[in-house]
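Below, chains carry the letters A, B, ... as their sequence lines are ordered, and counting in each starts from 1.
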2 protein chains.
Amino acid sequence: MAEHRVAVIGSGNWGSVAAKLIASNTITMPSFHDEVRMWVHEETLPDGSKLTDTINAKNENVRYLPGIKLGGDVIADPDLEHAVEGADMLVFVVPHQFVEDVCGKLVGKIGSGVEAISLIKGMEVKTEGPSMISKYITKMLGTSCCVLMGANIAQEIGMKRFSEATIGYNQDKKVARRWVELFTTDYFIVSAVQDVEGVELCGTLKNIVALAAGFVDGLDMGSNTKSAIMRIGLREMIAFSKLMFPSVKDNTFFESCGVADLITTCIGGRNRKIAEAYTRSNGTRSFSDLEEELLDGQKLQGVLTSNEVYDVLCHRKCKDQFPLFTKVHDICTGELLPSSIVEYSKFTNFEN
Amino acid sequence: MAEHRVAVIGSGNWGSVAAKLIASNTITMPSFHDEVRMWVHEETLPDGSKLTDTINAKNENVRYLPGIKLGGDVIADPDLEHAVEGADMLVFVVPHQFVEDVCGKLVGKIGSGVEAISLIKGMEVKTEGPSMISKYITKMLGTSCCVLMGANIAQEIGMKRFSEATIGYNQDKKVARRWVELFTTDYFIVSAVQDVEGVELCGTLKNIVALAAGFVDGLDMGSNTKSAIMRIGLREMIAFSKLMFPSVKDNTFFESCGVADLITTCIGGRNRKIAEAYTRSNGTRSFSDLEEELLDGQKLQGVLTSNEVYDVLCHRKCKDQFPLFTKVHDICTGELLPSSIVEYSKFTNFEN
């Protein structure tokens, strides 16, 4: 009867919420095993206990999603191979720099008929094109791979606040529908579009626009200007995605992964925040200073992506079609002042 | 040499800024007369002087756009017929309830070859369909009529803060281009799309979504939820516009008139503000109370539009395709609580 079994690979705040959402559904769906195994990169907590033990004892990820009960069917497992054993639906939700390592460990251990989905935002964009994480998983493990992106601040969804997400799929509508059913709850509405590339690129490119929005915030330009910059950014996200993959659909950007995630990221979000701080510092602080101070030395995703996308634009000789992406790059490198984010040539926009 | 002459009909804050933008361009364009006449509904100021005299003496609309110089070529004129005399490009920017009166006075006084553009937001939506103001102007005066909409808070544009707008035109690309050139400046970027109906409807329907955004703000749901509600609202704006006019294009909603104006309106704006206040009052204040208190007895545009759109949805038996518009109506009438704005049925969204 129960033909499907789900494993969640990753247990940060978003991974924990994903496991919670899924487990709230598997219990009501006869074709799914109730239990959802969640692979945890084991760590020792300050009190000396193991994170997995604590999650299983308290039914709560005290380290990455404190205060939210995950549901009794979520079982934390520190052993990756054991966690995925028997599972035919794999949810990838590790930080993107760990994908290679995780996939490497799973090579040859995934049976046929297994389906994957990636919730991982922030791919690398190489000069020859973006390194789609979904494609990497397919290449390494031989499974087909959907993606799920959207305006998804984990903490808010953990608190059951209404939200949406978008699944991008390749061919198999039936599999996409199964993923939709697995994630959808009363407060988490999921839709599906046949456009993996468009959906997956949204989650990466939005961070460049968030930097632009942060510059505008730092300039105290008001809401006309900010919404104009967000709109221009959205148009460049669409144009860049179509440049990379002509199959990308405009309508994908009306989904949660597009316009909604962009709005959330440009209102909150750390890319926006650091860009605002950089602008307000009036040249007294560098981007790397602010990253070190505010991000504990981590590199800001938007700045990395902006550099990578800029290389693609140079390589393809189409910088002038992407004035906002180009300006964000030039501001981040210090070649331009933040105020240049609102300088565009007249009459670029007649008939799009 | 100078073949075109522009008159601006209306002198509120947006009319005054429009005249300023236009006059900054006519002076540099040989095919335009420098002078821009602006029709002013005459009134007497507290000091006993006439508004037109003061505008012309100070080159500033002290009543509706204080602190902003209009440029010496803007000439205020209290006589409507005289203001439009010899003008072949008419900019309509009066409050929408005065359009009938103004057009009535101009009937038979507009020569052939005259072009019009409407900057007026907030049309009436009748059961048989929306009363497009552009169509009304065409019907009354025999001129073709474009529209200009966008994220345009007049005060911010008066201060030369970067902004965008969208012109919707019917057929004549050459005329559309002339309007684009007339309005575009370094800080005000205008694009044109061949979709009058789509552009014009944006300026009206966004107010319903702003009410929904206000309810979410009053519920303290966070940015995931707010961006999800704005996105659902945008989708319903598109669907409703296409239901009314199948010619409406999806891409119009990626322009300033669509997504950008929606963002501005859902972040600031009085529809949003009053909806938030209504929600926070927890049933102790009525909408009409709050309108009276905060709007000096004026009716809130979003509530009127919501009622009108609801009638259309009932008439066409398609309420269930517009859950957000329907809920906003039911919340405004008191049938539903504001919290219902985040209650949707699962699985409505598979493949759009």
*Looking only at heavy atoms, which of residues 149-161 of chain B get nearer than 4.5 Å to chain A?*
B:Ala151, B:Asn152, B:Ile153, B:Glu156, B:Ile157, B:Arg161

*Of all residues at least two apart in sequence or in a different chain, which pass the side chain to side chain contact (heavy atoms under 4.5 Å, CB included) check with B:Asn207?*
B:Thr265, B:Asn271, B:Gln301

*OG/A:Ser227 to CD1/B:Ile267 distance, rounded to the nearest 0.5 angstrom?*
7.0 Å

*Contact class of B:Ile238 relative to chain A, heavy atoms under 4.5 angstrom*: side chain

*Return the minimal non-hydrogen interatomic distance between A:Arg235 and B:Asn251, and the atom names on each side.*
NH1-O, 4.1 Å

_Minimum heavy-atom separation for B:Val259 and A:Arg231, please, with both atom names._
CG1-CG, 3.7 Å

*asked:* Whether the side chain of A:Thr225 engages the backbone of B:Phe162 through a donor-acceptor N/O pair (distance < 3.5 Å, no angle test) should be reported.
replied: yes

*Start with the C-alpha distance between B:Ile263 and A:Lys226, add both sets of side-chain angles, then the distance that settles side chain to side chain contact (heavy atoms under 4.5 Å, CB included), and finish with yes or no.*
CA-CA 9 Å; B:Ile263 292 170; A:Lys226 186 163 177 183; over 6 Å; no

_For A:Phe254 against B:Asp250, the heavy-atom pair lying closest together_ = CZ-O, 3.5 Å

*asked:* Quick one, B:Glu164 with A:Ile232, criterion side chain to side chain contact (heavy atoms under 4.5 Å, CB included). Give me CA distance, side-chain angles, the key distance, then yes/no.
replied: CA-CA 10 Å; B:Glu164 295 187 303; A:Ile232 296 170; 3.4 Å; yes

*Applying side chain to side chain contact (heavy atoms under 4.5 Å, CB included), name anything that partners A:Leu337, two or more places apart in sequence or on another chain.*
A:Ser339

*Looking at A:Ile341, A:Asn224, A:Ile167, which one has more heavy-atom pairs under 4.5 Å with chain B than the rest?*
A:Asn224

_Residues of residues 212-223 of chain A with any heavy atom under 4.5 Å of a heavy atom in chain B_ = A:Asp220, A:Met221, A:Gly222, A:Ser223

